[in-house]
Amino acid sequence: MAKLSCRNLWKIYGVPPGVTLAQPPTEKEMALQHWVPALQDISLDIMPGEVFVVMGLSGSGKSTLLRCLSRLVEPTIGQLLFEGNDLRALNERELAELRRDKMGMVFQNFALFPHLTVLENVMFPMKILHVPLDARRKHARELITQVGLSNRESSYPRELSGGQQQRVGIARSLAGNPEVWLLDEPFSALDPLIRREMQDEVLKLQAILKKTVVFITHDFAEAVRVSDRMAILRDGKVIQTGTPEELVLNPATEYVAKFTSDVARHAVISVGAIMGPADPATAGAAPVPASSKIGSVAERLFASGSPIPVVDEQGKIVGSIGPAALSKALFPRVPEIAHASN
Ligand SMILES: Nc1ncnc2c1ncn2[C@@H]1O[C@H](COP(=O)(O)OP(=O)(O)OP(=O)(O)O)[C@@H](O)[C@H]1O
């Protein structure tokens, strides 16, 4: 079962409080009332343990969507489910408990308490959870070590670099041991090198913690790097949902294809996704796993020019890959993606 779902979700800013809309207004109605449709008919399932990225340009509705998932922003129309339970039916107290017990959030601007030290910042959520002081301190220290800041426990946020501050933000968001980890453009204020380091940090933590992660970014390369699956948002609508590989191989629209054009295809596309049928001519040649990325076979294929057998996890031959399929995947001809409509 999905951890978090939305069904036909709309957020329309400007609708006066108290006005309930039974169904979505027309574009004309919204324009007349000066309403802003930030989310339009969004349906998504976010599965337990996956890193689900919501990617879109500025103004596409990413933050609104993330905030709707925790009801920091109230949806206008549609369903929100947490483990199948109606999230919109919760009262203020139940909602506060759910956020406190099950959700951890990281914000773009770090949002640390300036008057608290690193240790105190990370301990804070556990204070709200009434964790005894000793246990609080012990767990906070573990988290601070996990994010590589053990020598800065007594520093104040102003004494830390942006990357270090965000490490504290990450440690603090994990302090309540949340099931769902919501990250709203956590690294966009950081320079590219630090940003990459932080992406690695999140991947490293996620490999251990296996949270359900919703990660917002406007950077497609970041989305490809960190996501298991992603949704591309444009003008409040989901244009496509899929794994990075699915989006790169089959962009639904030219808009998506434009994002995928700069992607390191050799590191995203797997052999299994582009292989052909098993080929007797490959008998005796050393096989490659279907799950390996095409970059790992490129040198061998281009050097020998002969196809290679492909095997599944059990070592059974499931197909073959030759240089033609490889070059097509690495260097797709523009007309092949240009047929996609916008
Ligand atoms: N409180 C608000 N009142 C009215 N309109 C809003 C409000 N918040 C956001 N919007 C509008 O909703 C749309 C989506 O905004 P949102 O902040 O969700 O986008 P975003 O993709 O997160 O953008 P960014 O990457 O720039 O943060 C935009 O047109 C924005 O102007």
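In each ligand, atom 1 is the first atom listed, and ligand 1 is the first ligand listed. Keep in mind that what you see is a predicted model, and the values were worked out from it rather than measured.
- Taking the charged nitrogens against the carboxylate oxygens, R167 and E197 do have a contact shorter than 4.0 Å, which makes a salt bridge.
- Within the structure, the salt bridge (charged side-chain N to carboxylate O under 4.0 Å, His left out) test picks out no pair touching residues 298-322 (sequence neighbours left out).
- The presence of a protein heavy atom under 4.0 Å from atom 30 (C) of ligand 1 is ruled out.
- Shown in contact with E185 at under 4.0 Å from a heavy atom are these atoms of ligand 1, numbered in order with element: 25 (O).
- The protein non-hydrogen atom at the shortest distance from atom 6 (C) of ligand 1 is Y13 CD1, 3.2 Å.
- Distance remark: protein heavy atom present below 4.0 angstrom from atom 3 (N) of ligand 1.
- Between D191 and R196 there is no salt bridge, since none of the side-chain N atoms of the basic residue sits less than 4.0 Å from a carboxylate O of the acidic one.
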Review item, side-chain donor-acceptor pairs of residues 235-243, under 3.5 Å, at least two apart:
residue, atom, partner, partner atom, Å
Q240, OE1, A252, N, 2.7
Q240, NE2, N250, O, 2.9
T243, OG1, E246, N, 3.0

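- For L233, no heavy-atom contact with ligand 1 is shorter than 4.0 Å.
- In this structure, F52 has its ring center no closer than 6.0 Å to that of F215.
- Put simply, no part of G56 is less than 4.0 Å from ligand 1, judged by heavy atoms.
- Between E83 and K3, at least one side-chain nitrogen of the basic residue sits less than 4.0 Å from a carboxylate oxygen of the acidic one, meeting the salt-bridge criterion.
- In terms of protein heavy atoms, atom 25 (O) of ligand 1 is closest to K62 NZ, 2.8 Å.
- For the ligand labelled ligand 1, residue L57 lies inside the 4.0 Å heavy-atom shell.
- The N/O atoms of V36, backbone and side chain alike, include none that comes under 3.5 Å of an N/O atom in ligand 1.
- If you check which protein heavy atom lies closest to atom 19 (O) of ligand 1, you get G61 N, 3.2 Å.
- A salt bridge links E201 with K204: the distance from a Lys NZ or Arg NE/NH1/NH2 to an Asp or Glu carboxylate oxygen falls below 4.0 Å.
- Nearest protein heavy-atom neighbour of atom 27 (O) of ligand 1: S63 OG, 4.0 Å.
- Near T64, the atoms of ligand 1 lying under 4.0 angstrom from a non-hydrogen atom of the residue are 15 (O), 16 (P), 18 (O).
- Residue H218 does not touch ligand 1, judged by heavy-atom distances below 4.0 Å.
- You'll find the side chain of E185 stays beyond 4.5 Å of the side chain of D219, heavy atoms only.
- With salt bridges taken as basic N to acidic carboxylate O contacts below 4.0 Å, none links D184 and K62.
- Closest to atom 26 (O) of ligand 1 among all protein heavy atoms lies S58 OG, 2.6 Å.
- Ligand 1 does not have K11 within reach: every non-hydrogen atom of the residue lies 4.0 Å or more from it.
- A cation-pi arrangement is not found for K328 relative to F331, the charged atom failing to lie both closer than 6.0 Å to the ring centre and inside a 45° cone about the ring normal.
- Here the side chains of V147 and L205 are in contact, with some heavy-atom distance below 4.5 Å.
- Interface of A38 with ligand 1, defined as ligand atoms under 4.0 Å from a residue heavy atom, comprises 12 (O), 13 (C), 14 (C).
- When only non-hydrogen protein atoms are considered, atom 23 (O) of ligand 1 lies nearest to G59 N, 2.8 Å.
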